[in-house]
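Note sheet for the following structure.
For ligands, and for the atoms within them, numbers begin at 1 and follow the listed sequence.
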Amino acid sequence: MLEKIQETAAWLQARTALRPEVAIILGSGLGNLAKEIDIIDAFDYKDIPHFPVSTVEGHHGRLLFGRLAGREVMAMEGRFHYYEGYSMKEVTFPERVMCLLGITTVIVSNAAGGMNPSFRVGDIMLIRDHINFFPENPLRGQNIPMGPRFLDMHEPYDHKLLGLAKDIAARQGTKVQEGVYLGTQGPTYETPAEYDAYRALGADAVGMSTVPEVIVARHCGMRCLGVSVITDMGGADFIVEVSHEDVQQAAQAVEAPLAELIKELVRVLD
Ligand code: HPA
């Protein structure tokens with residue numbers, strides 16, 4: 001496994017002169033940010049050795065290297081979801097590669113269903129913590145020697161980055177929520193009883209990504225900031241139909257302020 005990761009990292013390093021320290025996983029809600037990146041090198045996932053290929057509608061598959069807010073960045077335009085049938089090792093392969101490329105900060109976005117009754121569709125939620133509800137942990141199996149066998153998870157989302165994001169949002173006049181993200185395998189959205197059950201467990205929002213990527217990012221010692229766009233509300237008090245189209249539309253509606261927030265964060269990062 002480590003050999004494959006090294007081969008992919010070497011392949012990329014031979015094809016781009018950029019050496020970014022920040023990576024952005026452009027999930028729903030951050031698609032627009034790709035347009036703000038001054039792209040210098042772009043690689044289709046299908047051309048990158050050992051990379052899985054994205055299949056889900058609305059997710060492109062490109063790895064971008066460029067400049068954002070005066071800083072070199074790497075960005076994943078589209079990600080790999082467990083529900084697509086990829087193994088956990090495949091889902092998190094890009095984060096392993098990022099680590100070998102010298103990335104120290106990972107910013108990840110997603111769309112999520114809200115359970116916290118004070119949330120509204122269109123809210124931006126900064127992720128303070130997560131609950132891993134996937135049927136498998138990405139670190140299961142032989143330990144890849146990029147981190148410890150038993151990984152500490154007391155601060156999966158970096159508190160300094162979280163504080164910085166909150167300060168920037170306040171300065172920009174963008175309302176943000178803060179909360180716990182529960183990651184499930186999908187691809188079903190939740191039943192009203194499931195939304196309520198996840199709420200009772202302590203989650204504020206639920207989605208189908210991010211948790212595996214953050215676990216592996218932490219395993220490699222990268223610090224993480226996670227952002228959810230609340231695209232629908234669920235639970236017995238919010239029994240409404242949810243469609244992929246609705247989710248995409250709701251995520252697009254906040255792309256502009258979210259892109260501004262992330263851009264400024266990238267600019268001021270230490
Ligand atoms: N549940 C799970 N994943 C999601 C949701 C949801 O309600 N909304 C967007 N992604």
Inset, instruction - Kindly compute the distance separating CD1 (I25) from CG (L30), expressed to the nearest 0.5 Å. - result: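 These two atoms lie 10.5 Å from each other.
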Legend entry - Inter- and intrachain pairs under ring pair (Phe, Tyr, Trp, His ring centres under 6.0 Å), touching residues 7-37, at least two apart: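 Qualifying pairs: W11-F43.
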Under 3.5 Å, which donor-acceptor pairs link side chains of residues 63-72 to any protein atom two or more places apart or in another chain?
unit_1, atom_1, unit_2, atom_2, d
R71, NE, V266, O, 2.6
R71, NH2, L269, O, 2.6
E72, OE1, R19, N, 2.7

List ligand 1's nitrogen or oxygen atoms that come under 3.5 Å of a protein nitrogen or oxygen, with the partner atom and distance.
unit_1, atom_1, unit_2, atom_2, d
ligand 1, 1 (N), E190, OE1, 2.6
ligand 1, 7 (O), Y195, OH, 2.6
ligand 1, 7 (O), D232, OD2, 2.6
ligand 1, 8 (N), G113, N, 3.3
ligand 1, 8 (N), T231, OG1, 3.4
ligand 1, 8 (N), D232, OD1, 2.7
ligand 1, 10 (N), A111, O, 3.4

Legend entry - NZ/NE/NH1/NH2 to OD/OE distance under 4.0 Å, D44 and K46: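 A salt bridge links D44 with K46.
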Donor-acceptor contacts under 3.5 Å from residues 253-261 side chains, at least two apart:
unit_1, atom_1, unit_2, atom_2, d
E255, OE1, N32, N, 3.1
E255, OE1, N32, ND2, 3.2
E255, OE2, G31, N, 3.3

Inset, instruction - Decide if the gap between the ring center of F80 and the ring center of Y45 is smaller than 6.0 angstrom. - result: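 For F80 and Y45, the ring centres are under 6.0 Å apart.
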